[in-house]
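Let me begin by presenting the structure, written as structure tokens, before commenting on it.
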Amino acid sequence: MLSPYIPNSQQIHIPYLYEGGKLSSIDPIALGEGLTSQILNTKESLLLVRNVEEESKLLGAKVVGKAAKSWLGVPLILMGQAIGAIIVQDLEREGRFIEKDRVFLETLAPQLAIAIRNAQLLDEMSLTLRKYDQEQFLLNSLLENIPEKVYFKDANGQYLRASRSWLEQLSPEQREAINKKTDLDLFAGESGVEQHELDMDIIFTKVPSIGVIEEKKNLDGDVIWEWTSRIPLIEISGRVAGLLGISQDIT
């Protein structure tokens with residue numbers, strides 16, 4: 001029986017159970033006071049060749065169900081942490097395993113530990129990628145359809161993403177050049193300088209600006225009024241990663 005253990009879950013998973021000539025798996029069990037939990041906690045191999053039930057009780061381990069006649073368990077250790085165990089047992093015969101069997105399993109254990117951890121990392125990566133794809137889909141759908149004008153900038157004031165509604169206020173040439181450009185690059189004269197300074201002030205001070213009414217000009221040169229909010233994007237470390245800007249035409 002191969003039993004991976006995920007510490008944060010407090011569960012022992014048993015994806016590989018070979019019994020009666022058949023390979024199967026069973027549902028996860030809670031980390032408790034059984035023999036498997038014993039070797040996971042002590043990080044030491046355990047060989048019980050007879051009187052398994054009595055020996056288990058002396059070790060403080062509870063026996064659930066039919067007790068084995070012979071029992072051998074080896075922890076899978078990776079970077080000092082028990083991440084699983086190999087368990088072999090015989091329900092009919094005492095003395096089924098000997099010291100040589102323990103040494104053999106301990107020889108296999110490091111390779112199995114690495115294989116299990118690699119499989120866990122692959123599962124975690126696949127889950128992360130699925131979540132990332134879903135989040136990207138939701139963000140793209142939002143930016144394609146939201147009527148408000150939305151943009152994201154990095155800590156240097158360079159554009160990262162913008163909604164379709166925001167891009168539509170730009171000329172075709174500006175739309176082509178938006179990636180990694182600042183307002184200084186996109187808008188000539190005082191307009192670009194003013195917008196850049198407003199955003200950089202929010203990034204520098206980490207203080208959001210909510211619901212400010214601003215006067216702007218559209219592509220036709222007409223004056224419009226926008227209700228604008230600028231919000232710093234602050235990481236857990238306290239570092240400002242960028243800026244979120246939202247504006248709505250209230251003309």
Side-chain angles (χ1 to χ4, degrees), residues 1-91 93-136 235-239:
M1 180 171 66
L2 184 61
S3 305
Y5 165 57
I6 302 174
N8 292 335
S9 72
Q10 292 296 299
Q11 286 186 325
I12 300 172
H13 296 250
I14 307 177
Y16 304 108
L17 174 64
Y18 187 77
E19 185 177 24
K22 294 182 179 180
L23 183 64
S24 61
S25 62
I26 61 177
D27 294 333
I29 59 176
L31 180 69
E33 300 175 343
L35 290 174
T36 301
S37 300
Q38 181 86 6
I39 65 171
L40 288 173
N41 289 328
T42 63
K43 302 178 185 178
E44 295 180 358
S45 300
L46 181 61
L47 173 62
L48 302 177
V49 296
R50 56 181 55 84
N51 301 321
V52 174
E53 188 170 2
E54 291 76 10
E55 291 289 339
S56 299
K57 291 178 181 178
L58 289 174
L59 292 168
K62 293 182 179 179
V63 177
V64 179
K66 184 179 179 181
K69 296 296 184 179
S70 301
W71 197 93
L72 170 60
V74 174
L76 303 176
I77 308 296
L78 187 64
M79 300 180 66
Q81 184 180 42
I83 66 165
I86 312 172
I87 309 297
V88 290
Q89 57 186 357
D90 194 313
L91 301 178
R93 290 186 294 168
E94 291 188 338
R96 175 65 178 81
F97 311 113
I98 58 176
E99 187 67 16
K100 184 172 66 174
D101 297 316
R102 181 188 64 79
V103 173
F104 174 69
L105 291 184
E106 287 180 347
T107 303
L108 291 179
Q111 289 83 4
L112 284 173
I114 292 172
I116 288 175
R117 186 55 185 150
N118 286 342
Q120 291 172 342
L121 290 174
L122 182 60
D123 287 342
E124 291 170 6
M125 183 178 68
S126 298
L127 179 60
T128 299
L129 289 174
R130 286 196 297 272
K131 289 182 178 179
Y132 174 79
D133 288 342
Q134 182 183 44
E135 289 175 358
Q136 283 294 103
E235 297 178 342
I236 296 177
S237 65
R239 186 182 76 89

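The structure displayed is predicted, hence computed values, not measured ones. Below, all heavy atoms of this structure are taken into account, side chains as well, without hydrogens, waters or symmetry copies.
- Every residue meeting the side-chain contact (heavy atoms from CB on, under 4.5 Å) condition with R117, not counting sequence neighbours, appears here in chain and number order: L78, I83, Q120, L121, E124.
- Note that CG of L76 and CD of Q81 are 12.0 Å apart. Values are rounded to the nearest 0.5 Å.
- Closest heavy-atom contact between A109 and P75: CB-O, 3.9 Å.
- Atom CD1 in I77 sits 6.0 Å away from atom NZ in K43 (nearest 0.5 Å).
- The closest donor-acceptor contact from the side chain of S70 to the backbone of Q89 lies at 3.5 Å or more, if one exists at all.
- One finds the NZ atom of K69 at 6.0 Å from the CD atom of E94 (value rounded to the nearest 0.5 Å).
- The pair D133-R130 does not count as a salt bridge, with every side-chain nitrogen at least 4.0 angstrom from each carboxylate oxygen.
- Looking at residues two or more places apart in sequence or on another chain, you find no salt bridge (charged side-chain N to carboxylate O under 4.0 Å, His left out) involving R50.
- Proximity of L112 to I86: side-chain heavy atoms (C-beta onward) are separated by under 4.5 Å at one or more points.
- Under the side-chain contact (heavy atoms from CB on, under 4.5 Å) criterion, E235 pairs with S237, R239, A241, not counting sequence neighbours.
- D101 is linked by a salt bridge (charged side-chain N to carboxylate O under 4.0 Å, His left out) to nothing, counting only residues two or more places apart in sequence or in another chain.
- Here the closest non-hydrogen pair linking V49 and F97 is CG1-O, 3.2 Å.
- How far CG of L105 is from NZ of K100: 12.5 Å, rounded to the nearest 0.5 Å.
- With sequence neighbours excluded, the residues that form a side chain to side chain donor-acceptor pair (under 3.5 Å) with S45 are E106.
- Every side-chain contact (heavy atoms from CB on, under 4.5 Å) that L46 has, sequence neighbours left out, goes to L35, I39, L48, L59, W71.
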